[in-house]
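Keep in mind that the numbers below use all heavy atoms, side chains included, and drop hydrogens, waters and symmetry copies. All of these numbers come straight from a predicted model, not from anything done at the bench. Lettering of chains follows the sequences in order, A, B, ..., and the numbering in each one begins at 1.
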Amino acid sequence: MTQKNRLAGGQINRAKTHKFMFDGKHYTGHAGDTLASALLANGVRLMGRSFKYHRPRGPLTAGSEEPNALVELRGGARQEPNTRATTAELYDGLLARSQNRIGSLRFDLLAVNDRLSNFLTAGFYYKTFMWPAAFWEKVYEPIIRHAAGLGSLSLKDDPDTYDKGFLHCDLLIIGAGPAGLAAALTAGRAGLDVILADEDFRMGGRLNSETHSLGDQSGADWAAATVEELASLPNVRLMARTTIIGAFDHGIYGAVERVSDHMHTPDAGKPRQILWRIYTKRTILAAGAIERPVAFENNDRPGIMLGSALRTYANRYGVAVDRRVAIFTNNDDGHRTAADLVAKGVKIAAVVDVREDAPRSLDYEVLHGEIKDTKGRLGLTFAEVRLADGTMRTLECGALGLSGGWNPNVHLTCHQRGRPTWNETLAAFVPGGMLPAGMTVAGAANGDMSTAAALRGGAKAAQNAMDLKGKLPSLPQAEDAPVNLKPFWYVEGCNRAWLDQQNDVTVKDVKLSHQEGYRSVEHLKRYTTLGMATDQGKTSNMGGLAIMAELAGKAIPEVGTTIFRPPYTPTAIGVFGGRHRGKDFHPTRLTPSHTWAEEQGAVFVEVGNWLRAQWFPRTGETTWRESVDREVLATRTSVGVCDVTTLGKIDVQGTDAAAFLNKVYCNGFAKLPVGRVRYGLMLREDGIVMDDGTAARLAEDHFVVTTTTANALPVYRHMEFVRQCLFPDMDVQLISTTEAWAQYAVAGPNSRKVLEQIVDRDISNDAFPFMACANVTVCGGLRARLFRISFSGELAFEIAVPMAYGDALIRRIVEAGAAFDITPYGTEALGVMRMEKGHAAGNELNGTTTAANLGMGRMVSTAKDSIGAILSRREGLNRADDLRQVGIKPVNPRDPVPAGAHLMNESGVIDAAHDQGYVTSACYSPNLGHAIALGFLKDGANRMGERMRLVSPLTGVNVDVEITSPHFIDPDGERLRA
Amino acid sequence: MIINHPLLGPRDSAEFTYMGDARLIDRPDAGSDTAAQDFYDYGYLRDNPAGWHEELWFHEAGDRSWLVVTRNTLTHEISDVKLARDVARSRGRKL
């Protein structure tokens, strides 16, 4: 329980001790620690196993770019795999486990892969698991699946909530280091609406990790004071623990705020994370830079990390990774690390610098040379140095800091069309090309590497972006050292030198890939997996590019980078889903009779977003078919009632209403008298049927159009297109009234007797014949609409009342129908009855069928122009053997006629080339006592009575059927007109 | 994306439904001798420019206006937004 590597100082709260557990062992750390800093303080360097070779690994970094130290955080349903120990904020009771191992972290059985590394090179899977083909599914894949992957899921429902929100601002500042803070001060003091977002839980960026002073303060103190001032400004919103994950069009940014990840469980009513959509006029990217390592033999042992990470652990967290540290550098930054560690009382074994003119120091030894190799099974113990004169030296050390230079964090500059450009001084890519609209880049992200330049750059950027007049805020004096660097990517002669530690990609793999012809950087990435997975190569891509360039004899900028895509860091799927999960995955629309239907014990089905009653089971009924058969028979013999509110309703009004409908329907509407309904067929402009429905003329200038449930929205959209874009001067207005009117179908021979008790007018056959419609009142005065239309084929009415009265009306109808044993029916019975009647529905209007296919070719008027009329006449849609809608019944009444099965001639070959047609809808007809189906058959109109085979080789169907008229019931329509 | 609606000001593109080329406004004359060919061209032949493109957007979750949006398909920059009805009138469409 001792924090043996804890140093003095830092920005942790030593008064607050947190207990935590890693791989079953108890440790302590402090508030302000990350899991990685607390483990290092406890002398734990080994935190994970690598992806492929299962090599022991510790953290390479102290930030979100971490490739190695991935752990499973928390337990139970809150377990989260692949979280970075370097960013996981320590809290009391934190629980973490290492992952990607079989056995313990110290003795991982899959470490045998490391011995097999000669075989497991780039492209191993592509080359090895090729044959025998049958082995793939049964042998190879299960083994690979078991061995591969990183952390594991709890497989339990996430108990926490995730939210989404919208924010607007004048200026979004990404990153709260020196540049971001200076920008925020400048814009904030000017009174602009500013959002300052930083992924870290403590704002300040590198100021918290460095020992430079700003004026007479430490960097960390200046950052804290600045944050305090910003927090006091009402126009500045500080968003710590918030990662900007993507830069989208027109100044829209995606941000994930981790509200509760730093707590044991979220506070009551608080989400775990929030996905913000930020709309901003201008953006300053001040995301800083990420240090890069150098590749050499065995450069991946726990204890080997970026020099900047060593400084962060020492200066910010008060942690020495080890008491004896070596440094390997190609620039002055390595010496800064050595000086900081010396100041903390850490022994520097040596600074190994590849530059001849490396600065000298009295505090530590500087060696001109390079690290050749390292030792230490579960953590670094020795580093082998090859000096410039060729002699070898062994350094005893438990930590090794690598400084290969810094890469400006250009990620977000590339989310649109930005492509970074090469900067020779930094030997790094800097923002270039076309940045997202309104974005400027400041500080290290822009290649301005000194603290003074970052402060200046941030303030300037804010001033320019917001066109601010007047003086900049006075900024403190800060270090302004130039970058002094000799590009150096990897040590000659090394093989198993890791470039990408997360994906176990070595220098040798990149060379092999080049040798095998992968010359494009995007190909290299996909073949070797360099730069993939959770860190997306933030510390590894540059090394790979440099080696590729060298092998191809090109300059690095000629090779170019792979494309950076959102999200910037791994983002939980849960936060994208927000509250849209489970029953809230999409909105649920309830019909006006829903409560009543629930009382009746209805079984519901989702139709689009609607919940509709599917059938109404009664006591004693054990299968759905029993209920549906009963509902159908009861409706056909007496009366049934069904909620048809979900059908789309569009109100069409204006002096040109009839002329307008004449355009959108292929059949004529101009001469439809007031008080009459007509069936309408709507075509797409390409001549294919879009939808069907009815149009009721309630007045000279007023129609009510119905659509199918599924097409309510597309049809409305289409009608508005026709109105606004094609016939802009027609005097016609449209509005969707689907939700305004509750509508019920009352069908069956006794339907009139039921409605006579409700409707306040004469509805006898003479007064209100088939296809009549009228504005009426019901129940002594409530306004209503009555239509004598029928989907079932029976004498039927549809009655509509304002939505608020929907529940009352269904109860009133059922009450009035009690004497006739009125039977509520659901969508199944509705479907059976329309099939018995031969009415086309969604299965027939499936986006491939024409009016002619449906047997309604003559409805397409030639006397007028309507949408789709011209192209419906083209040759390709009017061949002699075109499909026609037919009815299909089994020869043996016990046989099924399943939908989806295909029609073949009675004898002959059964294959796709001899296909004659197919079944679109099928059901059992309780009226006929056998299965029936609707389908499409080549030249079907002329094949009535023909015997055919209905086949589905996939499901083993082969049934003898007979082709019939699609009108199985009442083909002459006598019931409708009764 | 943000679409600057001529009546409602800047609106998020999530409120809109996209249809495509604004050439769809130019529905041919069904009475012409070449109507079959004209409608074929109208229905099936589209330019697919890498650059500026006039396209139809429907403010479905808003005021239900059809708009003609001039958008650069490479950069998503939007240079102009008009009511489709005004565009249709300006192109001589009437009843």
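The parts of R717(A) that come within reach of chain B are both its backbone and its side chain, each placing non-hydrogen atoms under 4.5 angstrom from that chain. Interface residue F721(A): backbone and side-chain heavy atoms are both found under 4.5 Å from chain B. Residue T17(B) touches chain A through its side chain alone, counting heavy-atom pairs closer than 4.5 Å. Only the side chain of R277(A) comes within contact range of chain B, with at least one heavy atom under 4.5 Å from a heavy atom of that chain. No part of F660(A) comes within reach of chain B, as not one of its non-hydrogen atoms sits under 4.5 angstrom from that chain. With a 4.5 Å cut-off on non-hydrogen atoms, L83(B) does not touch chain A at all. Both the backbone and the side chain of F39(B) come within contact range of chain A, judged by heavy atoms closer than 4.5 Å.
Taking D29(B) as the reference, nothing meets the salt bridge (Lys or Arg N to Asp or Glu O under 4.0 Å) condition, with sequence neighbours excluded.
Interatomic distance, CG of D729(A) versus CZ of R93(B), reported as 10.5 Å (0.5 Å rounding). If you take CD on E720(A) and NE2 on H59(B), they are separated by 13.0 Å, rounding to the nearest 0.5 Å. Rounded to the nearest 0.5 Å, atoms CG (L713(A)) and CZ (F58(B)) are 7.5 Å apart. In this structure, the separation between CD on Q724(A) and CD1 on I25(B) is 10.0 Å, given to the nearest 0.5 Å. Here OH of Y42(B) is found 12.5 Å from CD1 of I870(A). Values are rounded to the nearest 0.5 Å. Taking CZ of R417(A) as the start and OG1 of T75(B) as the end, the distance is 7.0 Å to the nearest 0.5 Å.
The backbone N or O of P728(A) sits less than 3.5 Å from a side-chain atom of R89(B), completing a donor-acceptor pair. Without hydrogens or angle criteria, H76(B) side chain to D249(A) main chain gives no donor-acceptor distance under 3.5 Å.
K82(B) NZ: 12 or fewer foreign heavy atoms inside a 6.0 Å radius. By the neighbour-count criterion of 12 heavy atoms within 6.0 Å, atom OH of Y40(B) is sparsely surrounded, having that number or fewer from other residues, nucleotides or ligands.
Heavy-atom pairs under 4.5 Å with chain A peak, among D86(B), V68(B), D38(B), L74(B), at L74(B).
Using a cut-off of 4.0 Å between Lys/Arg side-chain N and Asp/Glu carboxylate O, D865(A) and R27(B) are scored as salt-bridged.
Among the candidates D26(B), L56(B), L24(B), the single residue satisfying the side-chain contact (heavy atoms from CB on, under 4.5 Å) test with C725(A) is L56(B).
Between R64(B) and Y716(A), the side chains place a donor N or O and an acceptor N or O closer than 3.5 Å (distance only, hydrogens not considered).
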